[in-house]
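Below: the structure, in structure tokens.
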Amino acid sequence: PSVSQNRKRAIVQRNIKENYMSATHFSHLFSEGQIGNFKVKNRIVMLPMARQFQGIDGEVTQKTIDYYVERARGGVGLITVGSTRVFPPGHKFYTPASLNIGDDRYLPGHCDLVQAIHTWGAKVAIQFGHIGGQTVHQSVAASDVQQFFCDGTAYCKPRPITKSEIYDMIELFGQGAVMAKKAGYDMVEIHAAHGYLLSGFLSPKLNLRTDEFGGILENRVRIIVELVRQIKHTAGTDFPVCVRISANDFIEGSIGIEESPNVAKILEQAGADVISVSAGNHETQHLSNDIMRLDEDFKRPLFEAVKKEINIPIIYTKYLNQ
Ligand SMILES: Cc1cc2nc3c(=O)[nH]c(=O)nc-3n(C[C@H](O)[C@H](O)[C@H](O)COP(=O)(O)O)c2cc1C
């Protein structure tokens with residue numbers, strides 16, 4: 001950009017800061033918040049967004065650091081590092097397609113990332129997840145129910161995850177949390193939204209299991225409860241845990257507003273410190289992210305229904321005109 005373009009941009013940014021984004025216009029948004037044992041300088045959260053900036057085996061790269069630091073520098077209170085794997089190379093659930101924290105070799109990169117974000121006064125959480133049945137590769141899910149993208153494209157039909165794989169995964173989430181704590185992360189977030197593996201357990205449509213992980217709501221939420229407990233067990237009861245859920249899948253017979261507030265309540269009782277309330281899955285993302293309806297604030301009833309049931313804070317999306 002030319003010098004005059006840069007000057008114009010600086011003036012626009014100053015105007016936004018001074019006239020629009022000022023603390024008087026958004027006094028609550030800019031007030032200090034508290035999640036578990038840590039304070040956040042404001043209530044602006046960068047939601048997890050998995051970007052393909054990782055190294056060849058899922059390491060943190062300079063590009064990963066630059067991406068998050070830019071948001072921390074912009075004033076975000078809490079940054080969430082996008083979906084990260086806890087399965088080390090060689091493990092059957094390992095994939096190089098995501099950031100990884102499942103082995104000592106990843107620790108230095110995460111330490112650098114956390115330190116760089118903290119320098120700007122932001123707190124930082126890391127999200128742990130597993131893709132489940134929303135992939136064109138053979139994978140595992142709660143049950144062998146085929147899932148779809150919103151254009152109708154079918155994903156590869158998954159096989160049901162075995163009980164021993166579930167318990168192994170719970171163990172690895174615990175170890176991942178210890179690694180995250182060592183790296184200096186302020187919180188771990190469990191990705192149980194958007195139709196991926198853990199989200200699928202919550203859905204009566206995707207979870208047809210007849211063991212203790214299927215059936216009534218308490219059983220469908222059990223795997224996430226166990227993950228929360230394991231993280232608290234390994235990383236310490238005061239190490240904060242967030243769970244991200246889709247409060248409505250927008251699919252008849254799947255998880256919806258009738259059950260999701262109870263899911264949040266059960267997770268709070270299990271020790272979760274904050275619930276991140278999202279919506280939809282790959283099949284319905286055109287509904288949950290319907291840009292033509294943003295002005296309606298149409299997801300607000302979901303957030304309110306969940307918040308009503310719990311005493312811990314929630315994280316949710318809003319737009320600056322709402
Ligand atoms: C490029 C991209 C990557 C994303 N990666 C993740 C992710 O790793 N974990 C997650 O929970 N959500 C992810 N999301 C979803 C966003 O966090 C967010 O939920 C979504 O953009 C809209 O917000 P809402 O559905 O909560 O209202 C991603 C979104 C985008 C655009």
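Order of appearance sets the numbers: ligands from 1, and atoms from 1 within every ligand.
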Interfacing atoms of ligand 1 (cut-off 4.0 Å, heavy-atom, Q127): 7 (C), 8 (O), 9 (N), 10 (C), 11 (O)
Y196 and H191 aromatic centres sub-6.0 Å: yes
Shortest protein contact, atom 8 (O) of ligand 1 (heavy atom only): S83 N, 3.0 Å
Flag, side chain of S246 to backbone of A193, donor-acceptor distance under 3.5 Å: no
Salt bridge present between D297 and K318 (N-O < 4.0 angstrom): yes
Atom 4 (C) of ligand 1 - nearest protein heavy atom and its distance: M49 CA, 3.4 Å
Shortest protein contact, atom 15 (C) of ligand 1 (heavy atom only): H194 CE1, 3.9 Å
For T317, the ligand 1 atoms whose distance to one of its heavy atoms is below 4.0 Å: 23 (O), 24 (P), 26 (O), 27 (O)
Plane angle bin for Y316 and F303 - parallel if under 30°, tilted between 30 and 60°, otherwise perpendicular: tilted
Distance-only N or O hit between ligand 1 and G82, under 3.5 Å: no
Numbering as shown, the atoms of ligand 1 that approach K299 to under 4.0 Å (heavy-atom distance): 24 (P), 25 (O), 27 (O)
Numbering as shown, the atoms of ligand 1 that approach S278 to under 4.0 Å (heavy-atom distance): 19 (O), 24 (P), 25 (O), 26 (O)
Heavy atom of protein inside 4.0 Å of atom 21 (O) of ligand 1, strictly below: no
Nitrogen or oxygen of R51 less than 3.5 angstrom from that of ligand 1: no
Contacting atoms of ligand 1, where contact means under 4.0 angstrom from a heavy atom of N289: 22 (C), 25 (O)
Distance-only N or O hit between ligand 1 and A50, under 3.5 Å: yes
R85 side-chain N/O to G129 backbone N/O, donor-acceptor pair under 3.5 Å: yes
Note: E268-K265 ion pair, threshold 4.0 Å (strictly below): no
Contact (N/O only, under 3.5 Å) between S288 and ligand 1: no
Centroid separation F87 to Y94 less than 6.0 Å: no
Centroid separation F93 to H130 less than 6.0 Å: yes
Steps toward ring-ring contact (aromatic ring centres under 6.0 Å, His included) verdict (H110, Y185): CA-CA 9 Å; H110 284 283; Y185 283 102; 5.7 Å; yes
Shortest protein heavy-atom distance from atom 6 (C) of ligand 1, along with the residue and atom involved: P48 O, 3.1 Å
N or O contact, R244 vs ligand 1, cut-off under 3.5 Å: yes
Side-chain H-bond candidate by donor/acceptor type, Q285 with S288, under 3.5 Å: no
